[in-house]
Amino acid sequence: MEADIKKAGFLSIVLIVGLRIALLLIWLFSQLADNVLEDRLERFDSSAIGFFETLQTSTLDVIYTSVTHMGSVWFVTSLSVVVILSLWFKARDKWATLFFIIAVGGTGALTWLLKQIYERGRPSINEAIDAIGFSFPSGHSMGSLVFYGFLIYLIVRSQQNKVIKIGFSMALGLLILLIGTSRIYLGAHFPSDIIAGYIAGTIWLTLCILVLEWIRWQRSSQVHLGHALQSIFFFSYGLFRHQDNKAIHKP
């Protein structure tokens, strides 16, 4: 029971820290959006776009075009079906299945809503790479962060050995970054669109995983998270008071 309380207390702390991080990122996104609306990031965007223009080669064109498709709606949707079927029939994890659907499906809805709110135009229009509609935030960067980020979460939580977990996590993390930079390289987005997509995606993914972990714990343990956190607080406070009293009475 004591071990369960400690685990619950740790999870409670993780939930609190996660929510604080999400709130910080929400504030950061709002600040970025305000700067975009007031055209304060024009110099930053122009400089970053200019840098990527200096890298342009026919080889990179092919590579980045292929990479950008790995963050497209049709590609992510196709892979999502595979992941859902695997989670439901092979892993038999209904909660992970549900929250994967919520995370990925909700990303599409949130991206559309944010684009309608800010109505920022794109640097260029190119239907071949899905560079149509409004630009802020980037749907590719937000969608890839949530989709591949959720895969990283599933891998880390799996029974695979540490080498496989680290290897796949690093590879998927690199893919997320490449998809974002591909949108700048190909002229589909401003750099600030990509950053906003990553921030918004991190917020949404963090909230989905926190709720999923909370439900997992509630269903697997009889120890209430709030009670566990309260017990650890009073234990820590008592330990602190004990040490403080020893220091006061020390000759």
Side-chain angles (χ1 to χ4, degrees), residues 7-34 36 70-71 73 76-77 79-80 83-84 87 91 93-115 117-118 136-158 165-166 168-181 183 191-221 225-226 228-229:
K7 288 181 180 178
F10 174 75
L11 180 56
S12 300
I13 294 171
V14 169
L15 291 175
I16 293 172
V17 172
L19 288 173
R20 285 182 177 273
I21 292 174
L23 289 173
L24 176 62
L25 290 174
I26 289 172
W27 174 83
L28 187 61
F29 180 89
S30 67
Q31 294 298 307
L32 179 62
D34 287 342
V36 166
M70 298 181 73
V73 173
V76 169
T77 301
L79 284 185
S80 293
V83 174
I84 290 169
L87 287 173
D93 191 338
K94 63 179 182 180
W95 287 110
T97 305
L98 174 62
F99 275 88
F100 177 80
I101 295 172
I102 292 173
V104 176
T107 300
L110 285 172
T111 301
W112 179 86
L113 178 62
L114 291 170
K115 285 179 181 291
I117 291 174
Y118 295 104
F136 184 91
S138 165
H140 274 64
S141 62
M142 185 174 177
S144 63
L145 190 142
V146 173
F147 175 74
Y148 294 111
F150 206 102
L151 291 186
I152 291 173
Y153 162 75
L154 293 174
I155 291 169
V156 170
R157 225 182 179 283
S158 70
K165 290 182 179 181
I166 294 174
F168 272 95
S169 297
M170 291 180 64
L172 291 176
L174 178 60
L175 179 58
I176 292 170
L177 291 176
L178 287 174
I179 290 172
T181 56
R183 305 304 285 171
S192 51
D193 298 334
I194 305 302
I195 296 172
Y198 284 149
I199 294 174
T202 302
I203 295 169
W204 181 238
L205 178 62
T206 299
L207 293 176
C208 288
I209 290 177
L210 287 177
V211 176
L212 174 56
E213 285 296 317
W214 180 78
I215 290 176
R216 286 186 191 276
W217 175 261
Q218 291 290 90
R219 294 183 65 84
S220 65
S221 176
L225 289 176
L229 188 60

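Given the structure is predicted, the values throughout are model-derived calculations rather than measurements.
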Asks: So, for Gly197 and Pro137, which heavy atoms are closest and what is the spacing to 0.1 Å?
Replies: N-CB, 3.7 Å
Asks: Between Leu25 and Phe29, does a side-chain contact (heavy atoms from CB on, under 4.5 Å) hold up when you go through it step by step?
Replies: CA-CA 6 Å; Leu25 290 174; Phe29 180 89; over 6 Å; no
Asks: Working note: Phe147 + Ile179, criterion side-chain contact (heavy atoms from CB on, under 4.5 Å); need CA distance, chi angles, decisive distance, verdict.
Replies: CA-CA 12 Å; Phe147 175 74; Ile179 290 172; over 6 Å; no
Asks: A side-chain contact here means heavy atoms from C-beta on lying under 4.5 Å apart; do Arg216 and Asp93 qualify?
Replies: yes
Asks: Just verifying a value: how many Å separate Ile26 CD1 and Ile21 CD1, rounded to the nearest 0.5 Å?
Replies: 12.0 Å
Asks: Roughly how far, to the nearest 0.5 Å, is the CG atom of Leu98 from the CD1 atom of Ile84?
Replies: 10.0 Å
Asks: Could you tell me which non-hydrogen atom of Ser192 sits nearest to which non-hydrogen atom of Leu32, and how far apart they are?
Replies: O-CD2, 3.8 Å
Asks: Could you walk me through whether Leu207 and Leu19 pass the side-chain contact (heavy atoms from CB on, under 4.5 Å) check?
Replies: CA-CA 7 Å; Leu207 293 176; Leu19 288 173; 4.0 Å; yes
Asks: Is there a side-chain contact between Leu24 and Arg20 in this structure, where contact means two heavy atoms from C-beta onward sitting under 4.5 Å apart?
Replies: no
Asks: Please report the closest heavy-atom contact between Tyr148 and Met70, naming both atoms and the distance.
Replies: OH-O, 2.7 Å
Asks: Please round to the nearest 0.5 Å and tell me the distance separating atom CH2 of Trp95 and atom CG of Leu87.
Replies: 14.5 Å
Asks: Give, for atom CZ of Phe168 and atom CD1 of Ile152, the distance between the pair rounded to the nearest 0.5 Å.
Replies: 11.5 Å
Asks: Walk me through whether Ile215 and Phe99 qualify under side-chain contact (heavy atoms from CB on, under 4.5 Å).
Replies: CA-CA 11 Å; Ile215 290 176; Phe99 275 88; 3.5 Å; yes
Asks: Roughly how far, to the nearest 0.5 Å, is OG1 of Thr107 from CD1 of Ile102?
Replies: 11.0 Å
Asks: Work out which heavy atom in Ser144 is nearest to a heavy atom in Ser141; give both atom names and the distance.
Replies: OG-O, 3.2 Å
Asks: A side-chain contact here means heavy atoms from C-beta on lying under 4.5 Å apart; do Tyr118 and Val36 qualify?
Replies: no
Asks: For Ala96 and Leu154, which heavy atoms make the closest approach, and how far apart are they?
Replies: CB-CD2, 4.3 Å
Asks: Looking at Phe136 and Ala196, what are the two nearest heavy atoms and their distance?
Replies: CE1-CB, 3.3 Å
Asks: Going by side-chain hydrogen bond (donor to acceptor under 3.5 Å, both in side chains), name the residues that satisfy it together with Ser169, two or more places apart in sequence or in a different chain.
Replies: none
Asks: Is it true that a side-chain atom of Lys165 and a backbone atom of Ile155 form a donor plus acceptor pair closer than 3.5 Å?
Replies: no
Asks: Once side-chain hydrogen bond (donor to acceptor under 3.5 Å, both in side chains) is applied, what residue pairs with a partner in residues 193-211 remain, sequence neighbours excluded?
Replies: Arg120-Asp193, Ser135-Asp193, His189-Asp193
Asks: Could you tell me whether the side chain of Leu212 reaches within less than 4.5 Å of the side chain of Tyr153, counting heavy atoms only?
Replies: yes
Asks: Roughly how far apart are Leu114 CG and Leu110 CG, rounded to 0.5 Å?
Replies: 6.0 Å
